[in-house]
Amino acid sequence: MSTKVMKKILVTGSTGQIGSELTLELRKKYGGKNVVAVGHKRQPSETLQKSGPFERVDLGSEESIEKVVRQYDIDTIYHLAAVLSATGEENPQAAWALNIGSLYNVLEVARKLKLLRVFWPSSIAVFGPSTPRINTPQETVLIPRTIYGVSKVAGELLCHYYFIKYGVDVRSVRYPGIISSEVLPGGGTTDYAVAIFYEAIQNKRYTCFVREDTVLPMMYMPDCLKATIDLMEADPSRIKRHDGYNLAGISFSAGELAAEIKKHIPEFKCEYKPDFRQKIADSWPMSIDDGVAHKDWGWKPTYDLTAMTKDMIAKLSKRFAEGKL
Ligand code: NAD
């Protein structure tokens with residue numbers, strides 16, 4: 001059993017919705033200089049830039065990844081860079097090239113340089129219309145309808161393969177839709193569950209791109225960060241699978257979310273104008289059974305709909321009052 005611990009970490013997709021908060025959380029835990037943020041086109045926030053090293057790396061090139069890994073003596077990679085579900089449908093070829101090309105390169109570097117650990121997020125997008133939609137089990141049908149979902153299924157299989165063939169300790173969860181207040185989401189189907197808060201606070205109205213009765217599994221960012229770090233810090237003996245652990249947080253309909261926001265902002269009005277993303281939402285589960293993650297590495301979420309809504313509104317209202325929203 002490995003007793004080594006993570007010391008030097010690289011985070012790709014560090015300017016994204018999840019990466020921006022995960023990098024800062026890891027820097028708090030492991031020290032700023034020990035967590036290297038990797039960016040692409042988006043300008044990093046001042047906090048991200050000042051709290052530790054920031055590098056631009058071409059994830060399409062194995063050599064570029066290897067160079068930065070050697071330069072900083074990296075032992076662990078959190079590989080978050082990806083093209084998400086809605087954006088992926090606009091350019092499936094680019095989505096496949098980034099999502100699978102960069103994962104392959106990261107796994108190859110991990111194999112060759114014998115890295116300690118890799119984290120790579122999968123998604124509820126691995127499921128499709130023929131998957132049971134309520135309490136979706138860990139082991140089930142994976143026939144998605146989006147290129148994003150296809151890349152996540154292929155990615156899970158590739159991670160599993162690198163573990164059984166080469167012993168690369170790559171760990172993964174199937175994130176549900178992530179709700180957060182720092183960086184806006186980048187082109188997913190669950191983005192409405194974040195946009196609705198910004199619009200409610202700024203304009204007291206929102207036009208939602210899915211139907212009122214659309215139920216999807218979601219998770220608040222503090223739970224997402226906790227799940228990610230708990231999984232990565234779990235003793236290797238507890239990690240029984242290296243494809244993607246089901247992860248559940250909160251399941252609610254768009255209408256229920258609007259009603260919860262209305263409790264804080266009574267004037268808030270929500271309209272529903274479904275677009276192409278409705279079809280994607282309808283092909284995904286409504287709720288997830290994450291019993292295997294509970295059993296293996298002790299996963300348990302903290303936030304329910306009421307607590308998440310209260311916290312989101314408090315954080316965004318404060319930023320709005322300061323003119324920083
Ligand atoms: P995001 O869209 O906010 O950020 C993606 C990041 O990838 C950005 O930092 C961007 O700069 C980077 N990127 C894009 N193209 C790139 C390229 N060609 N080269 C290098 N970097 C590039 O995404 P996110 O929401 O933070 O998602 C992070 C990970 O979590 C992804 O793997 C995503 O599939 C997964 N995930 C997210 C959610 C969610 O709700 N946010 C749900 C399920 C899974």
Do any N or O atoms from the side chain of S283 and from the backbone of G128 form a donor-acceptor pair under 3.5 angstrom? no
* Taking atom NZ of K279 as the centre, does the number of heavy atoms from other residues, nucleotides or ligands within less than 6.0 Å exceed 12? -> no
Residues pairing under side-chain hydrogen bond (donor to acceptor under 3.5 Å, both in side chains) where one sits in residues 133-142, two or more places apart or in two chains, turn out to be E139-R241
More than 12 heavy atoms of other groups within 6.0 Å of H294 NE2: yes
Here the side-chain hydrogen bond (donor to acceptor under 3.5 Å, both in side chains) pairs for residues 90-100, sequence neighbours left out, are N99-S151
**Item:** Whether over 12 other heavy atoms sit under 6.0 Å from K324 NZ
**Value:** no
Rounding to 0.5 Å, atoms CD (Q17) and CD (E182) come to a distance of 10.5 Å
Item to complete: Apply salt bridge (Lys or Arg N to Asp or Glu O under 4.0 Å) to the pair E322 and R319, showing each step before the final yes or no.
Response: CA-CA 5 Å; E322 292 165 355; R319 292 231 310 273; over 6 Å; no
Does one side chain, of D223 or T302, offer a donor that lies under 3.5 Å from an acceptor on the other? yes
Side chains of E271 and C208: does their closest heavy-atom pair fall under 4.5 Å?
-> no
**Asked** Salt bridge or not for E267 and R205, using N-O below 4.0 Å?
**Response** no
side-chain hydrogen bond (donor to acceptor under 3.5 Å, both in side chains) between D230 and W299: does it pass, once the steps are laid out? CA-CA 8 Å; D230 282 0; W299 161 243; over 6 Å; no
| said: Just so I know, are the side chains of I143 and P129 near enough to count as touching, which here means a heavy-atom distance under 4.5 Å? | reply: no
| task | Please report the C-alpha distance between R117 and V170 in whole Å, then the side-chain angles of each, then the deciding distance to 0.1 Å, and finally whether the side-chain contact (heavy atoms from CB on, under 4.5 Å) criterion is met. | result | CA-CA 6 Å; R117 213 157 284 164; V170 49; over 6 Å; no
Interatomic distance, CE@M218 vs CD1@I179, rounded to 0.5 Å, equals 5.5 Å
Indicate yes or no: does K7 engage D73 in a salt bridge with an N to O separation below 4.0 Å.
no
>> Quick check on K318: does its NZ atom have over 12 non-hydrogen neighbours (other residues, nucleotides or ligands) under 6.0 Å away?
In response: no
NZ of K29 to CG of N34, rounded to nearest 0.5 Å, is 13.5 Å
Rounding to 0.5 Å, atoms CD (E63) and CG (N105) come to a distance of 8.0 Å
Given the ring of Y166, does R111 sit roughly above its face, with NZ or CZ under 6.0 Å from the centre of the six-membered ring and within 45° of the axis?
yes
If you measure from the Lys or Arg side-chain nitrogens to the Asp or Glu carboxylate oxygens, is any gap between D169 and R171 under 4.0 Å? yes
Determine whether more than 12 heavy atoms belonging to other residues, nucleotides or ligands lie under 6.0 Å from atom NZ of K8. yes
Y30, OH atom: more than 12 neighbouring heavy atoms under 6.0 Å = yes
(message) Quick check against the 3.5 Å criterion: does D296 have a side-chain atom that pairs as donor or acceptor with the backbone of I239?
(response) no
Is the shortest distance from a Lys or Arg side-chain nitrogen in E260 or K310 to a carboxylate oxygen in the other one below 4.0 Å? no
Any side-chain donor paired with an acceptor under 3.5 Å for R27 and S51? yes
Exercise. Take R277 and D191, measure what salt bridge (Lys or Arg N to Asp or Glu O under 4.0 Å) needs, and give me the verdict at the end.
Key: CA-CA 10 Å; R277 289 168 282 192; D191 290 9; 5.5 Å; no
Heavy-atom donor-acceptor pair, N246 side chain to P137 backbone, under 3.5 Å: yes
Output for pair (I100 CD1, K152 NZ), nearest 0.5 Å, gives 8.5 Å
For side-chain hydrogen bond (donor to acceptor under 3.5 Å, both in side chains), just list the numbers for E89 and Y148, CA-CA rounded to whole Å, side-chain angles, deciding distance to a tenth of an Å, and then say yes or no. CA-CA 8 Å; E89 289 312 290; Y148 174 68; over 6 Å; no
Heavy-atom nearest pair, V118 first then M232, reads C-CE, 3.8 Å
Going by heavy atoms in the side chains, are V126 and E156 under 4.5 Å from each other? yes
**Message:** Taking the side chain as everything from C-beta on, heavy atoms only, tell me whether L316 gets closer than 4.5 Å to Y198.
**Reply:** yes
The complete set of side-chain hydrogen bond (donor to acceptor under 3.5 Å, both in side chains) pairs with one or both residues in residues 76-85, sequence neighbours excluded, reads T12-H79, H79-S102, S85-T189
Check your understanding: Less than 4.5 Å apart, any side-chain heavy atom of I65 and any of V57?
Key -> yes
Does Q278 form a side-chain hydrogen bond (donor to acceptor under 3.5 Å, both in side chains) with T214? I'd like the steps, not just the answer.
CA-CA 8 Å; Q278 182 69 53; T214 305; 3.1 Å; yes
Distance col, row L116:CG vs I9:CD1, nearest 0.5 angstrom, shows 9.5 Å
What one should report as the nearest heavy-atom pair of G32 and P53 is O-CD, 3.5 Å
Subject >> Intermediate values then yes/no, side-chain hydrogen bond (donor to acceptor under 3.5 Å, both in side chains), Y104 and E62 >> reply: CA-CA 9 Å; Y104 174 79; E62 197 185 308; 5.4 Å; no
Note: A200 and I261 closest approach over all heavy atoms is CB-CG2, 3.8 Å
Exactly one candidate in Y206, F209, Y272, F197 meets ring-ring contact (aromatic ring centres under 6.0 Å, His included) with Y192; the answer is F209
Note to self: Is the shortest side-chain heavy-atom distance between V183 and T15 below 4.5 Å?
What the structure shows: no
**Asked** Counting only heavy atoms not in K295, do more than 12 fall under 6.0 Å of its NZ?
**Response** no
Notebook entry, point to check: Which of parallel (below 30°), tilted (30 to 60°) and perpendicular (above 60°) describes Y175 and F119?
Noted result: tilted
Taking every heavy atom of I196 against every heavy atom of C270, the minimum-distance pair comes out as CD1-SG, 4.1 Å
